[in-house]
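Let me begin by presenting the structure, written as structure tokens, before commenting on it.
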There are 2 protein chains.
Amino acid sequence: MKINRATDYGVRLMVYLATEGGKTVPRAEVSSAMDIPSEFLAKIAQHLARAGLLEIKQGRMGGYRLKRSPEEITLLEIVEALEGEIFLNICVGDPKACRFSSTCKVHLVWKAAREGLRDLLGSIRLTNLIIKERPLQNSQERCCKYN
Amino acid sequence: MKINRATDYGVRLMVYLATEGGKTVPRAEVSSAMDIPSEFLAKIAQHLARAGLLEIKQGRMGGYRLKRSPEEITLLEIVEALEGEIFLNICVGDPKACRFSSTCKVHLVWKAAREGLRDLLGSIRLTNLIIKERPLQNSQERCCKYN
DNA sequence: AAAATTTTGGATAAAAAAGATCCAATTAGA
DNA sequence: TCTAATTGGATCTTTTTTATCCAAAATTTT
Ligand code: SF4
Ligand code: SF4
């Protein structure tokens with residue numbers, strides 16, 4: 001019951017792109033800054049591009065950049081783009097996979113757990129994940145409990 | 001991000017034992033009633049026994065039974081006995097595993113997600129998971145939202 | 001147009017985890 | 001003692017994860 005490395009790497013990539021604003025960042029830079037194996041990163045970026053989360057520019061001066069505003073992109077989208085839709089147990093996504101699913105109460109717990117997890121991840125936006133070097137001087141604003 | 005089959009099987013076993021009250025149930029019976037490969041079930045039962053959740057009786061008339069009252073056993077205990085402590089990302093259990101963990105905000109989200117998940121699973125007891133054939137006639141009681 | 005740089009996409013592969021299965025030895029009731 | 005039940009260790013297969021390699025394609029610069 002853990003996320004994949006690829007998912008964590010994908011989130012790192014997206015957070016890095018968010019901190020770089022709209023710039024196109026070459027793979028090598030993300031790889032070294034974020035400690036992600038370069039070739040693996042290429043595959044992850046392709047997944048995220050197909051999911052409509054980032055844009056890939058090929059050729060010289062190519063690289064990656066966010067396709068949408070970091071305010072619009074949730075952690076849930078990133079995670080599910082890389083892991084597939086979250087289901088903590090097979091029966092949640094496919095009730096026919098278990099002959100007990102219609103009466104089983106554990107089934108309901110896994111369903112509830114999934115909801116809770118997705119709600120949390122869905123409430124976090126890329127903007128909430130950017131690391132600011134120092135806190136804003138004249139602002140008390142906190143967009144959520146995670147920053 | 002899914003539980004293992006072994007974990008689901010383990011929960012099925014525990015729920016079955018709970019429905020049988022204090023009886024010692026042979027492995028073959030649990031295996032066929034709960035659709036669990038018998039030899040695999042043996043391994044799972046050994047794990048749960050080491051975790052103090054059930055008692056194994058060897059020899060003729062042997063089998064499995066709960067070691068504690070189903071009221072005292074939570075789903076979290078069962079799941080963690082089989083999966084190990086729940087951490088949705090390596091950095092949650094071992095911050096040294098990632099050089100970003102001290103500043104990374106995603107880290108905090110995975111921590112919060114873990115808390116939420118463990119709280120939910122910890123709130124469900126084996127008694128809440130027993131399947132009653134028909135609802136009690138003269139009782140409105142619901143021990144929680146899962147029954 | 002040629003050179004330089006950067007990604008693609010498909011193949012491949014090593015390692016780890018998951019999901020069992022086998023069986024000789026052991027245990028304990030009858 | 002006979003029989004029925006589990007143990008514990010080894011083994012095995014399959015799937016998933018985590019990459020890596022490289023020729024081809026794309027795009028900018030010279
Ligand atoms: S036993 Fe219950 S929780 Fe397990 S797979 Fe079947 S329906 Fe789902
Ligand atoms: S990048 Fe953040 S979330 Fe990912 S492993 Fe490191 S600390 Fe954890």
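Two residues are said to be in side-chain contact when any heavy atoms from C-beta on lie closer than 4.5 Å; A:Asn89 and B:Lys2 fail this criterion. Under the 4.5 Å side-chain criterion, counting only non-hydrogen atoms from C-beta, B:Arg125 is not in contact with B:Glu77. Within the 4.5 Å cutoff, side-chain heavy atoms of B:Met14 are placed close to those of B:Leu48. Side-chain contact between A:Leu126 and A:Glu71 is absent, with no heavy-atom pair separated by less than 4.5 Å. Between A:Arg27 and A:Glu39, some side-chain heavy-atom pair lies under the 4.5 Å cut-off. Within the 4.5 Å cutoff, side-chain heavy atoms of A:Val79 are placed close to those of B:Met1. By the 4.5 Å heavy-atom criterion applied to side chains, A:Arg12 and A:Asp35 are counted as neighbours. The closest side-chain heavy-atom distance from A:Phe87 to A:Asp94 is not below 4.5 Å.
Regarding B:Lys43, its NZ atom lies at a distance of 16 Å from the P atom of D:dC12, rounded to whole Å. Regarding A:Leu41, its CG atom lies at a distance of 15 Å from the P atom of D:dT18, rounded to whole Å. Here D:dT18 presents its P atom at 12 Å from NE2 of A:His47, a figure rounded to the nearest Å. Atom CG of A:Asn4 and atom C1' of D:dT15 are 13 Å apart (whole Å). Put simply, NZ on A:Lys2 is 19 Å from P on D:dT16, counting in whole angstrom units.
In the region residues 58-67 of chain A, proximity to DNA chain D at under 4.0 angstrom, judged on heavy atoms, holds for A:Gln58, A:Gly59, A:Arg60, A:Met61. For the contact set between residues 11-40 of chain B and DNA chain D, defined by any heavy atom under 4.0 Å, the members are B:Pro26, B:Arg27. For DNA chain C, no neighbouring residue in residues 75-87 of chain B is found when judged by any heavy atom under 4.0 Å.
Judged purely by atom type and a 3.5 angstrom limit, A:Ser31 uses its side chain to pair as donor or acceptor with the backbone of A:Ile36. Proximity of a side-chain donor or acceptor of A:Glu83 to a complementary backbone N or O of A:Asn4 within less than 3.5 Å is detected.
Taking 4.0 Å as the cutoff to heavy atoms of chain B, we find the contact window on DNA chain C bounded by C:dA18 to C:dA30.
When each of A:Arg5 and A:Lys57 is assigned the nucleotide of DNA chain D bearing its nearest heavy atom, the one mapping closer to the 5' terminus is A:Arg5. Sequence order on DNA chain C of the closest nucleotides to A:Met1 and A:Ala45 puts A:Ala45 first from the 5' end.
We find the CG-NZ distance between B:Leu53 and B:Lys67 to be 9.5 Å, quoted to the nearest 0.5 Å.
A cation-pi arrangement, defined by a distance under 6.0 Å to the six-membered ring centre and an angle within 45 degrees of its axis, is present between B:Arg5 and B:Tyr9.
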For residues 112-121 of chain A, dump all side-chain donor-acceptor pairs below 3.5 Å to protein atoms at least two apart in sequence or in another chain.
{"residue": "A:Arg114", "atom": "NH1", "partner": "A:Glu85", "partner atom": "OE2", "Å": "3.4"}
{"residue": "A:Arg114", "atom": "NH1", "partner": "A:Ile86", "partner atom": "O", "Å": "2.6"}
{"residue": "A:Arg114", "atom": "NH2", "partner": "A:Glu85", "partner atom": "OE2", "Å": "3.2"}
{"residue": "A:Arg118", "atom": "NE", "partner": "A:Glu80", "partner atom": "OE2", "Å": "2.8"}
{"residue": "A:Arg118", "atom": "NH2", "partner": "A:Glu80", "partner atom": "OE1", "Å": "3.0"}
{"residue": "A:Arg118", "atom": "NH2", "partner": "A:Glu80", "partner atom": "OE2", "Å": "3.4"}

Considering only distance and modelled atom types, tabulate donor-acceptor pairs under 3.5 Å from the side chains of residues 55-64 of chain A, sequence neighbours left out.
{"residue": "A:Glu55", "atom": "OE1", "partner": "A:Arg65", "partner atom": "NE", "Å": "3.1"}
{"residue": "A:Glu55", "atom": "OE1", "partner": "A:Arg65", "partner atom": "NH2", "Å": "3.2"}

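For A:Tyr9, a side-chain nitrogen or oxygen approaches OP1 or OP2 of D:dA19 to under 4.0 Å. Side-chain nitrogen and oxygen atoms of B:Gln46 include at least one within less than 4.0 Å of the OP1 or OP2 phosphate oxygen of D:dG8.
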